[in-house]
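Structure first, commentary second.
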Amino acid sequence: HVQLVESGGGLVQPGGSLRLSCAASKLSRANLPLDYYAIAWFRQVPGKEREGVFCVNSEDGVPYYADSVKGRFTISRDSGKNTVYLQMSNLKPEDTAVYYCAAALPVSGYECLAQYDDWGQGTQVTVSS
């Protein structure tokens, strides 16, 4: 298992940008880097179902973005820091949610997994004027 810590949330006006970070604060016993893992970002609004925003099998995988964020959100990595970033641009009020990153051991042939083993604590993003 890997321990994940999100940061970077906050209040932003519509049309603004934020960059969320998902850092591996503690690696597994095998010392696998975060690049090895399947990574996903989810968001959730109270009273609504959790929504998948992004997922990728591993560092070399083909990323998947939900239609609601495609063209506005982009993933990047800093392997030296074991950190994945979610760059969010042209934010809309409907992007308001708690954002979570998640990780799991990769499954060959699947960019997005049905279940992730490790989750961060979440970071609040509020888009409002």
Among the clusters formed by ILVMFWY side chains lying less than 4.5 Å apart, do Leu105 and Tyr64 turn up in the same one? no
Nearest 0.5 angstrom please: Asn57 CG to Ser108 OG, how far? 7.0 Å
Do Trp41 and Val12 sit in one hydrophobic cluster, given that two such residues count as connected whenever their side-chain heavy atoms are within less than 4.5 Å of each other, even indirectly? yes
Write out all pairs satisfying salt bridge (Lys or Arg N to Asp or Glu O under 4.0 Å) with one or both partners inside residues 97-126, taking only residues at least two apart or from two chains. none
Is the closest side-chain heavy-atom distance between Leu4 and Leu34 below 4.5 Å? yes
Check: Asp78 and Tyr85 side chains under 4.5 Å, non-hydrogen atoms: yes
Side-chain touch Pro63/Ile75, heavy atoms, less than 4.5 angstrom: no
For Asp35, give me all partners under salt bridge (Lys or Arg N to Asp or Glu O under 4.0 Å), at least two apart in sequence or on another chain. Arg77
For the residue pair Lys81 and Ser21, establish whether any side-chain heavy-atom pair is separated by less than 4.5 Å. no
Is the count of non-hydrogen atoms from other residues, nucleotides or ligands lying under 6.0 Å from Lys70 atom NZ greater than 12? yes
Which heavy atom of Thr83 sits nearest a heavy atom of Ala23, and at what distance? OG1-CB, 3.6 Å
By the rule that ILVMFWY residues connect when side-chain heavy atoms come within less than 4.5 angstrom, directly or transitively, which residues belong alongside Tyr116? Phe42, Val98, Tyr100, Val107, Tyr110, Leu113, Trp119
Separation of Thr96 OG1 from Gln124 CD (nearest 0.5 Å): 7.5 Å
Roughly how far, to the nearest 0.5 Å, is the OG1 atom of Thr74 from the CD atom of Gln87? 7.0 Å
Just verifying a value: how many Å separate Phe54 CZ and Cys112 SG, rounded to the nearest 0.5 Å? 8.0 Å
Test: side chain to side chain donor-acceptor pair (under 3.5 Å). Region: residues 3-20. Which pairs qualify, not counting sequence neighbours? none
According to salt bridge (Lys or Arg N to Asp or Glu O under 4.0 Å), does anything in residues 88-105 pair up with another residue at least two apart or in another chain? List the pairs. Arg43-Asp95, Arg72-Asp95
All heavy atoms of Ala66 vs all of Gly52, minimum pair found to be CB-O, 3.4 Å
Give me the atom names and distance for the closest heavy-atom approach of Pro33 to Tyr37. O-CD1, 3.3 Å
Looking at every heavy atom in both Phe73 and Tyr65, which two are closest together, and how far apart are they? O-CE2, 3.2 Å
Between CG of Leu32 and CG of Asn82, what distance do you get to the nearest 0.5 Å? 10.0 Å
Residues joined to Val45 in its hydrophobic cluster, side chain to side chain under 4.5 Å directly or through other members, sorted by chain and number, are none
Write down the atom of Ala103, the atom of Ile39, and the distance for their closest heavy-atom approach. CB-CD1, 3.8 Å
